[in-house]
Amino acid sequence: MTDDSELAGLRRNAEGGAAPDLYRWASALLRRGAAESARAAYARAAAQGLAEARIEFARMAMHGIGGDTDLAAAHAALDQAERAGSAVAGYFIALMAVGRGDFAAAEHDRRLLAAVRAEYPPALRAAALLFGRRHDDEAAQNACLQLLERAAAHGDAIAARLLAERLLRGEGCAPQPQAAAELIEQLSAHGARIELPPIAVGAPAQRDAAPADAVSLADAAQPVALAPLSAHPRVAQVDALLSADECRLLVAQSQPSLRPSQTVDERSGRAVPNALRDSSDASLDPAGEDLALRLAQWRMARAAGLDLVHGEHLTVLRYAPGQAYRPHRDYLSPQAQARDRPQAGDRLRTVCVYLNAVEAGGATEFPHAALAVTPQAGRALVFDNLDADGRPEPASLHAGTPVLAGEKWLATLWLRERPYRAF
C-alpha cells in the first residue's frame with residue numbers, strides 16, 4: 001500500500017467519526033506535518049473519551065503545536081484521562097508540575113509510580129535516574145539497574161545506552177563488560193548511536209534521607225550549595241549538580257540533533273556560521289522533553305535561583321580537539337530580544353554544566369576575574385549577565401578555551417529576567 005492510498009483509507013475511516021479511527025487519522029496527519037488538522041482530530045477523539053487522544057491533544061495544547069498554547073485545556077484533558085484510569089496521563093501531569101516547581105509532592109510520586117507499574121518507558125527511565133542519585137543506597141542502585149533493564153526491554157534506546165554504561169563501568173553492580181558489549185552491539189544493529197564519553201560524577205556533598213523502597217521526586221529537589229568564585233563578575237560553582245546518568249542522558253538526547261554551531265544574523269535574522277565558536281550544538285525542543293530531562297533542567301534553573309519557566313531551550317554543545325568558544329558575553333542585543341519573546345527580557349543568568357571531564361584544555365575563563373574553571377562531569381557554573389540594575393554587565397566576558405585532547409560536552413541554560421516558557 002502506498003503512503004497516499006494508506007492516508008486516503010485512514011481519512012475515509014475517520015469520516016465515520018469513531019474515536020479510534022480519528023486517532024489514527026490524527027497521528028498520520030501529525031507525521032505529515034499537518035499539525036492544525038491533527039490537533040482538531042485528536043480533540044474530536046478526546047471528546048469521545050479516548051485516553052490516548054486526550055493525552056496527544058494535551059501534549060499539543062501545552063506546547064502550542066497546531067494552535068495556541070492552552071494550558072487549561074491540556075490540564076483538563078490529562079485530568080479526564082487520569083480519572084478514567086490512564087497512568088500515562090498522570091505521568092504528564094507530573095511532567096507539567098516540574099515546570100511550575102511544585103512537583104515534590106506525594107501526589108506526583110504516586111503518579112510516577114503508577115506509570116512505572118504500567119511499564120511506560122519514559123517513567124521507568126525517570127524513576128531509574130531518581131534512584132540512581134542515591135549513591136550510598138545499594139537497594140536504590142539495584143532499583144536503578146532493574147528499571148533501566150525494563151525500559152530497554154520495551155525498546156527505549158536511551159535507557160539501553162545508560163544501562164550499558166553502568167554495566168561496563170560497574171556502577172551499582174559488579175562490572176559486566178560482556179553484557180555491556182552485547183547490549184551495545186544490539187543498539188548498533190538497530191542504528192542507535194552508542195558513542196558516549198567517559199563520565200564519572202561523585203556523590204553530592206549531602207542528601208536528605210529517602211525511603212529505599214519508594215520512588216521520590218524529592219530526590220531531584222535537594223538543596224544546592226553554591227561556592228562563590230568571583231564577586232565581579234558574579235560567578236559561582238556547584239559540583240555534582242547532575243549525576244553521571246543525567247550527564248549521559250543529555251549527551252544521548254542531543255546527539256541525533258547535533259549541527260555545526262550557528263548564530264542569528266542581526267540584520268537578516270537568518271542562521272549563519274558562528275564566528276565565535278566552531279563547536280557543534282543541539283537545542284532540545286521542550287515538546288520532546290521527558291520527566292528525567294526536565295528534572296535535570298529544573299535543578300540547573302534552581303542552582304541559578306530561578307524557576308524553570310525563565311529558561312530558554314536547553315542547548316548541548318560538543319567541542320572536538322582544537323575547537324573553542326572565543327571571548328563573548330551572553331546578554332542579548334535589543335534586536336535579538338525583539339525577535340525572541342521580548343516579554344521575557346534579557347538573559348539575566350547563565351548556567352553551564354560540564355557533562356564530561358576533558359582530557360586536556362577546555363577550561364572556562366573569565367578574564368575580568370582572572371578566573372579559569374576546569375571541566376568536571378556534573379560541575380555547574382552559574383554567572384550573571386546583567387548588573388544589579390539590570391543593565392548588561394561587560395565584566396561577564398567569558399570564553400571556552402581550546403580543547404587540546406579528547407572532547408568536551410557542555411549543557412547551557414540561559415535564564416531570562418521574566419518567564420520565557422509556559423507550563
Side-chain angles (χ1 to χ4, degrees), residues 55 58-59 61-63 69 71-72 74-79 81-83 86-118 120-134 140 143-144 147 151 204 207-211 213-224 238 241-243 245-246 249-250 253 284-314 351 353 380 411 413 415 419-423:
I55 292 167
R59 293 179 67 183
M62 74 173 72
H63 295 294
T69 299
L71 297 181
H75 274 289
L78 291 173
D79 183 63
E82 184 184 38
R83 284 191 282 108
S86 172
V88 175
Y91 165 90
F92 281 103
I93 293 174
L95 177 70
M96 293 182 75
V98 174
R100 300 190 306 271
D102 60 354
F103 62 90
E107 62 185 295
H108 297 310
D109 288 347
R110 288 193 295 269
R111 288 186 167 110
L112 177 55
L113 182 58
V116 166
R117 288 172 174 163
Y120 185 53
L124 293 166
R125 190 198 316 154
L129 268 61
L130 285 167
F131 280 118
R133 290 187 61 80
R134 304 185 197 173
C144 173
L147 289 162
R207 179 184 59 77
D208 293 340
D213 58 348
V215 63
S216 174
L217 288 163
D219 279 355
Q222 299 300 318
V224 174
V238 54
L241 181 70
L242 299 187
S243 68
D245 292 315
E246 289 168 326
L249 174 73
L250 267 58
Q253 292 275 28
L284 302 185
D285 187 345
E289 290 175 0
D290 60 19
L291 185 57
L293 183 58
R294 188 165 289 180
L295 287 170
Q297 292 179 78
W298 181 87
R299 198 176 302 106
M300 292 174 68
R302 291 308 301 156
L306 294 166
D307 291 325
L308 185 53
V309 292
H310 290 259
E312 296 183 18
H313 300 177
L314 183 71
V351 184
V353 179
L413 187 65
L415 295 144
Y420 180 91
R421 302 195 204 182
F423 292 104

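Just so it is clear, the model here is predicted, and its values are computed rather than measured.
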message = Treating Asp285 as the side-chain partner and Ala287 as the backbone partner, does any N or O pair qualify as donor plus acceptor under 3.5 Å?
response = yes

pair [X]-[Y]: side-chain heavy atoms closer than 4.5 Å:
X	Y	result
Leu413	Leu308	yes
Leu129	Leu291	no
Leu293	Asp290	yes
Asp245	Cys144	yes
Ile93	His108	yes
Tyr420	His313	yes
Arg134	Ser216	yes
Leu112	Leu130	yes

Roughly how far, to the nearest 0.5 Å, is the [atom2] atom of [Y] from the [atom1] atom of [X]?
X	Y	atom1	atom2	value
His75	Leu78	NE2	CG	8.0 Å
Met96	Arg294	CE	CZ	8.0 Å
His63	Glu289	NE2	CD	7.0 Å
Asp219	Arg133	CG	CZ	7.5 Å
Leu71	Met62	CG	CE	8.0 Å

Which heavy atom of [X] sits nearest a heavy atom of [Y], and at what distance?
X	Y	value
Ala296	Leu250	CB-CD1, 4.3 Å
Leu295	Ala220	CD2-CB, 3.9 Å
Leu314	Gln297	CB-OE1, 3.4 Å
Leu415	Ala301	CD2-CB, 4.0 Å
Trp298	Ala221	CZ3-CA, 3.6 Å
Arg421	Gly311	NE-O, 3.0 Å

query = How would you list, by chain and number, every residue that makes a ring pair (Phe, Tyr, Trp, His ring centres under 6.0 Å) with Phe423, sequence neighbours excluded?
reply = none

request  = For Arg117, look at atom CZ and say whether over 12 heavy atoms of other residues, nucleotides or ligands are found less than 6.0 Å away.
outcome  = no

